[in-house]
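Order of the sequence lines fixes the chain letters, A, B, ..., with proteins taken first and strands second; residue numbering starts at 1 for each chain.
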Protein chains: 2
Amino acid sequence: MSLATETADKPTLYKRIRADIEKRILTGEWPPGHRIPFEHELVARYGCSRMTVNKALSELAQADLIERRRRAGSFVRRPQHQSAVLKIADIRAEITALGRAYGYELIHRKLRTATAADRDRLGVRKAGKVVAITCRHSADKVPFAIEDRLIDLSSVPDAATADFSREPPGSWLLHHVPWTEAEHTISAIVADDHTAAALAIAVGAPCLVIDRYTWRSARTITAVRLLYPGDSHRLVARFKGG
Amino acid sequence: MSLATETADKPTLYKRIRADIEKRILTGEWPPGHRIPFEHELVARYGCSRMTVNKALSELAQADLIERRRRAGSFVRRPQHQSAVLKIADIRAEITALGRAYGYELIHRKLRTATAADRDRLGVRKAGKVVAITCRHSADKVPFAIEDRLIDLSSVPDAATADFSREPPGSWLLHHVPWTEAEHTISAIVADDHTAAALAIAVGAPCLVIDRYTWRSARTITAVRLLYPGDSHRLVARFKGG
DNA sequence: TACGATTATATGTCTAGACATATAAGTCAA
DNA sequence: TTGACTTATATGTCTAGACATATAATCGTA
């Protein structure tokens, strides 16, 4: 006898409740600040138990679409200060996804005690061992990106013996180091002599720069700078309300 | 008599279960691909009902830390192909947050029937009215960014009469148009004569370019290109595992 | 009027069951 | 060996309750 059986219920009930509310928020019918019906009202409307509407509302709260306040009710949240999800694919995956042949070339690899510059770049105080790597990624034999990386061996001792002449350090780290946090800084530069030669572009051509600093629970793992020809590369970020 | 009462239970039970599992994944104790104990095993271990462990596991699945497969079990997921949350602050907020004086200047505003180029840029087929705006944002009187924007009036009719000589179109839209989806493309260029003059930089200097295309439920709202001096501006994206 | 105590209430969490459903694994025949 | 059928099982969803807890609203008092 519940409404659930009356309406088309291909998706599950809690999903339909969530979608219903989401739609009203997205269309602006329920603007930011608007109070969503109480759980017991939704229970009556959908003819289901409270746990079911609770699950729908909890997921909306987790997605930051609504805010739940005890005793007060649930409210539509103001659109989040512009934020976008930037998908930064593994370079190899990115290139093969474009249907192009991936090429990798190790240019330089050195194991050394961290210099002052290295420590600064990694954000560590005490001097330990590091690996410095420079390599080039290419698509169909055309230079695609130059990678300049520093790995902290006190965090990733295995990196000392890893063979980076075949496997890019990014892929290796992805498979050998569990979960991380990272911070990216994106900027633009013009190619100097050295960069231009490495990327096979003209001196003075624009380059997109991504500096990525990676750590796990307050422990530095790696710092990397990626240089892309600015006119050929595109970073795409998508965001969906909230 | 449940274990819940025996151990310190400051947070709630399902949160502790979730945290326990999350910790093992983050430390690498349970590597990607590892099968997490079945729900009924966790029920036995924590001495609670299945709904409680189900809630913990569901949230971990929503956070993409684990993958759940019917009949097979739940498995630790491989670190998500690099993804980062890019916070794109409103330019005014960004500048004032830096403790600098925000300046805004409308350079050009024109209401016109969409040209072929406009339609292409907005991704619409039929020709309607649009507003084209060029403006400049500055920090402490120094040019900070040039904004070149197109607003589709069939989606946002109010924009025809909005006063963009005082308020930047970005802020205006944020407050007048509900929830949106957007796609950003980030690239690098070198400044041509026109850009160099507008940003008060040298011709040939690097610029960071953000193209943002915004819509709501398949309806185009606005397309904007933001040009920043590449050496002074930094886009920061952070990501936390998954 | 302002402040402190009380109460009502919406959400937060949890239980002990139930049936649905996708699918890995085993079974058997061609 | 392969393919079709069956079965066991882990997750997915749902119910009808329960008590906990934060807090908005009310009421009483200084």
Side-chain angles (χ1 to χ4, degrees), chain A residues 1-22 24-25 30 33-77, chain B residues 1-22 24-25 30 33-77:
Chain A
M1 293 340 110
S2 71
L3 288 177
T5 57
E6 297 172 24
T7 53
D9 50 6
K10 285 166 294 183
T12 58
L13 179 52
Y14 94 88
K15 278 182 180 163
R16 274 195 304 120
I17 298 174
R18 177 158 67 73
D20 280 0
I21 296 169
E22 201 170 325
R24 290 189 212 242
I25 294 173
W30 288 349
H34 180 271
R35 210 209 74 224
I36 282 177
F38 294 129
E39 291 191 354
H40 68 259
E41 295 175 305
L42 292 170
V43 162
R45 173 175 324 181
Y46 289 95
C48 63
S49 81
R50 192 164 79 88
M51 277 300 279
T52 304
V53 309
N54 183 284
K55 182 162 185 173
L57 294 179
S58 293
E59 287 194 6
L60 288 169
Q62 241 186 300
D64 265 335
L65 268 164
I66 67 172
E67 188 189 345
R68 313 200 73 196
R69 291 207 296 273
R70 276 189 144 124
R71 168 67 210 249
S74 303
F75 301 83
V76 177
R77 279 185 66 119
Chain B
M1 297 343 111
S2 71
L3 288 178
T5 57
E6 296 172 25
T7 53
D9 50 5
K10 285 164 296 185
T12 58
L13 179 52
Y14 92 88
K15 278 182 180 162
R16 274 195 306 121
I17 298 174
R18 177 159 65 71
D20 280 0
I21 296 169
E22 201 169 325
R24 290 190 211 242
I25 295 174
W30 287 349
H34 181 269
R35 209 209 73 225
I36 282 177
F38 294 129
E39 291 191 354
H40 69 261
E41 294 174 308
L42 292 170
V43 161
R45 175 177 322 183
Y46 289 94
C48 62
S49 81
R50 192 164 79 90
M51 277 301 278
T52 303
V53 309
N54 184 285
K55 182 163 186 174
L57 294 179
S58 294
E59 288 194 5
L60 288 169
Q62 242 185 298
D64 266 334
L65 267 165
I66 67 171
E67 187 189 346
R68 314 200 72 197
R69 291 206 296 273
R70 277 189 146 130
R71 167 67 210 251
S74 302
F75 301 83
V76 177
R77 278 185 68 121

Between P of D/dG12 and CZ of A/Arg16, the distance in whole Å: 20 Å
Between A/Ile21 and A/Leu60, does the side chain to side chain contact (heavy atoms under 4.5 Å, CB included) criterion hold? Intermediate values first, please. CA-CA 9 Å; A/Ile21 296 169; A/Leu60 288 169; 3.6 Å; yes
Any salt bridge between B/Arg18 and B/Glu22, counting N to O under 4.0 Å? yes
Find the distance B/Asn54:CG to C/dG17:C1' and express it as a whole number of Å. 14 Å
In this structure, how many angstroms lie between the C1' atom of C/dA10 and the CG atom of A/Leu57, rounded? 11 Å
Could you check whether B/Ser74 gets within reach of a base, just the sugar-phosphate, or nothing at all, counting any heavy atom under 4.0 Å? sugar-phosphate
Any side-chain heavy atom of B/Pro37 sitting closer than 4.5 Å to one from B/Arg45? yes
The reported gap from NZ in A/Lys15 to CG in A/Asp20 (rounded to nearest 0.5 angstrom) is 14.5 Å
Extract all donor-acceptor atom pairs below 3.5 Å that involve side chains of residues 48-57 of chain A and protein atoms in other chains or at least two apart in sequence.
| residue | atom | partner | partner atom | Å |
| --- | --- | --- | --- | --- |
| A/Arg50 | NH1 | A/Glu39 | OE1 | 2.4 |
| A/Asn54 | OD1 | A/Ser58 | OG | 3.2 |
| A/Asn54 | ND2 | A/Glu39 | OE2 | 3.1 |

Considering just the side-chain nitrogens and oxygens of B/Lys55, establish if one lies under 4.0 Å of OP1 or OP2 belonging to C/dC14. no
The side chain of B/Arg50 is closest to which nucleotide in this list: D/dT11, C/dT15, C/dC14? D/dT11
Going by heavy atoms in the side chains, are B/Asp64 and B/Arg77 under 4.5 Å from each other? yes
With B/Phe38, which residues qualify under ring-ring contact (aromatic ring centres under 6.0 Å, His included), at least two apart? B/His40
Could you list, one pair per line, each protein nitrogen or oxygen that sits under 3.5 Å from a nitrogen or oxygen of nucleotides 23-27 of chain D, together with the distance?
| residue | atom | partner | partner atom | Å |
| --- | --- | --- | --- | --- |
| D/dA24 | N3 | A/Arg71 | NH1 | 2.8 |

For B/Glu59 and C/dG12, give me the distance from atom CD to atom P, rounded to whole Å. 11 Å
Length of the CZ-P vector between B/Phe75 and C/dT23, whole Å: 13 Å
Reckon B/Arg68 has a side-chain N or O less than 4.0 Å from the OP1 or OP2 of D/dG12? yes
Nearest-Å distance, CD1 (A/Ile17) to P (D/dT13)? 12 Å
Is any side-chain nitrogen or oxygen of B/Lys15 closer than 4.0 Å to OP1 or OP2 of C/dT13? yes
Take atom CG of B/Leu60 and atom P of D/dT11, then tell me their distance rounded to the nearest Å. 13 Å
Spatial distance of atom CD1 (B/Ile36) from atom CD (B/Glu41) [nearest 0.5 Å]: 11.5 Å
Contacting residues from residues 34-43 of chain B, given that a heavy atom lies under 4.0 angstrom of DNA chain D: B/Phe38, B/Glu39, B/His40
Students should find that the end-to-end axis angle of the helix from C/dT1-D/dA30 to C/dA30-D/dT1, with five pairs defining each axis and rounding to 10 degrees, is 20°
Check side chain to side chain contact (heavy atoms under 4.5 Å, CB included) between B/Arg69 and all other residues, then give those that pass, not counting sequence neighbours. B/Glu67, B/Ala72, B/Phe75
Below 4.0 Å: OP1/OP2 of C/dG17 and any side-chain N or O of B/Ser49: no
Can you measure B/Tyr14 atom OH to C/dG12 atom P for me and round it to whole angstrom units? 9 Å
